[in-house]
Amino acid sequence: MKLLLFLSNTIIPLLIFYIVGTGLLQKQNIYEEFIRGAEDGFRTVIKLMPTLIGLMVAVGILRSSGLLDAVSSVFERILGSKFIPGEIIPVFVVRLFSNSAATGLVLDIFKKYGTDSMLGSIASIMMSSTETVFYTMSVYFMAVKVKKTRWTLAGAMLATAAGALASILLAYRLA
């Protein structure tokens, strides 16, 4: 355990030292390269800002309009509440769009049911085993100007559904 802690505390400084050392050995102007990279990153953030704002506004509207609760109740009737708790469905749906909004829903579950409850365990595992599919696709595909996503959405949705199912199975297994 001490070795793992040592590695986690030293890996980033060692990586930075390696990058700077390699640049110096190759006689690169490291500071100018860093500034150029920071400028490119800033331009990318500016280009992506409208998409990010749109996604956050859409998630806020979904959450405050009650549509999310309606979708959750439909899924709960279809799937039944025996295996998949209805309180988890909004977390899954919102997680597809926004990590911060899903985190807010998970915190609500923690407040209402507790962090050590079955719902708390499922929500915690689900947050780490699913992805913000639409956010990630819009940000990365917009950044590199990809127009045809092919099977990306289907594959990402399948992987996210598998992650959600696995989180439920793991929580029940660990209980």
Side-chain angles (χ1 to χ4, degrees), residues 1-65 67-68 88 90-111 115 120-167 170:
M1 186 64 153
K2 288 184 180 183
L3 176 65
L4 194 59
L5 288 172
F6 173 76
L7 285 175
S8 67
N9 287 333
T10 58
I11 195 89
I12 297 296
L14 287 175
L15 182 64
I16 292 170
F17 180 73
Y18 173 76
I19 292 169
V20 171
T22 304
L24 289 173
L25 288 174
Q26 294 178 357
K27 298 186 176 147
Q28 298 286 323
N29 191 338
I30 301 165
Y31 183 73
E32 283 183 21
E33 294 290 333
F34 173 77
I35 295 298
R36 192 173 331 150
E39 286 174 356
D40 287 346
F42 189 69
R43 275 190 231 111
T44 302
V45 168
I46 296 299
K47 285 181 192 174
L48 296 176
M49 193 62 69
T51 303
L52 297 175
I53 291 170
L55 279 170
M56 290 185 189
V57 167
V59 167
I61 291 170
L62 268 177
R63 196 168 178 199
S64 63
S65 70
L67 182 63
L68 192 58
I88 293 299
V91 176
F92 175 74
V93 173
V94 170
R95 177 79 166 125
L96 294 171
F97 297 95
S98 169
N99 183 50
S100 57
T103 301
L105 292 174
V106 169
L107 291 175
D108 292 344
I109 288 174
F110 288 168
K111 286 178 190 171
T115 55
S121 296
I122 292 172
S124 296
I125 298 170
M126 185 180 293
M127 287 297 286
S128 63
S129 60
T130 57
E131 180 58 71
T132 53
V133 173
F134 296 106
Y135 169 81
T136 305
M137 283 182 64
S138 64
V139 167
Y140 290 115
F141 285 167
M142 186 175 205
V144 294
K145 297 180 177 89
V146 172
K147 301 262 189 256
K148 295 181 182 178
T149 61
R150 296 190 181 179
W151 293 97
T152 305
L153 180 60
M157 292 296 286
L158 182 64
T160 301
L165 182 62
S167 66
L170 281 171

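Rounded to the nearest 0.5 angstrom, Ile19 CD1 and Leu14 CG are separated by 11.0 Å. Interatomic distance, CD1 of Ile16 versus CD1 of Ile11, reported as 11.0 Å (0.5 Å rounding). Rounding to the nearest 0.5 angstrom, the gap separating the CG atom in Leu165 from the CG atom in Leu170 is 9.5 Å. The distance from the CG atom of Leu4 to the CG atom of Asn9 is 9.5 Å, given to the nearest 0.5 Å.
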Intermediate values then yes/no, side-chain contact (heavy atoms from CB on, under 4.5 Å), Asn99 and Thr103 = CA-CA 6 Å; Asn99 183 50; Thr103 301; 3.9 Å; yes
query = Could you go step by step and tell me if Arg36 and Glu39 meet the salt bridge (charged side-chain N to carboxylate O under 4.0 Å, His left out) rule?
reply = CA-CA 5 Å; Arg36 192 173 331 150; Glu39 286 174 356; over 6 Å; no
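The nearest pair of heavy atoms linking Phe92 to Thr160 is CE1-CG2, 3.6 Å. Considering all non-hydrogen atoms of both residues, Arg95 and Met126 come closest at NE-O, 4.4 Å. Across all non-hydrogen atoms, the minimal contact from Gly163 to Ser129 is O-OG, 3.1 Å. Looking at every heavy atom in both residues, Ile30 comes nearest to Gly23 through CD1-C, 4.0 Å. Taking each heavy atom of Thr136 and Glu131 in turn, the nearest pair found is OG1-OE2, 3.1 Å. Nearest heavy atom pair, residue Thr130 against residue Ala164, reads CG2-N, 3.7 Å.
With a 4.5 Å cut-off on side-chain heavy atoms, Met157 and Phe134 count as touching. Under the 4.5 Å side-chain criterion, counting only non-hydrogen atoms from C-beta, Ile109 is in contact with Ile88.
Without hydrogens or angle criteria, Thr149 side chain to Thr152 main chain gives no donor-acceptor distance under 3.5 Å.
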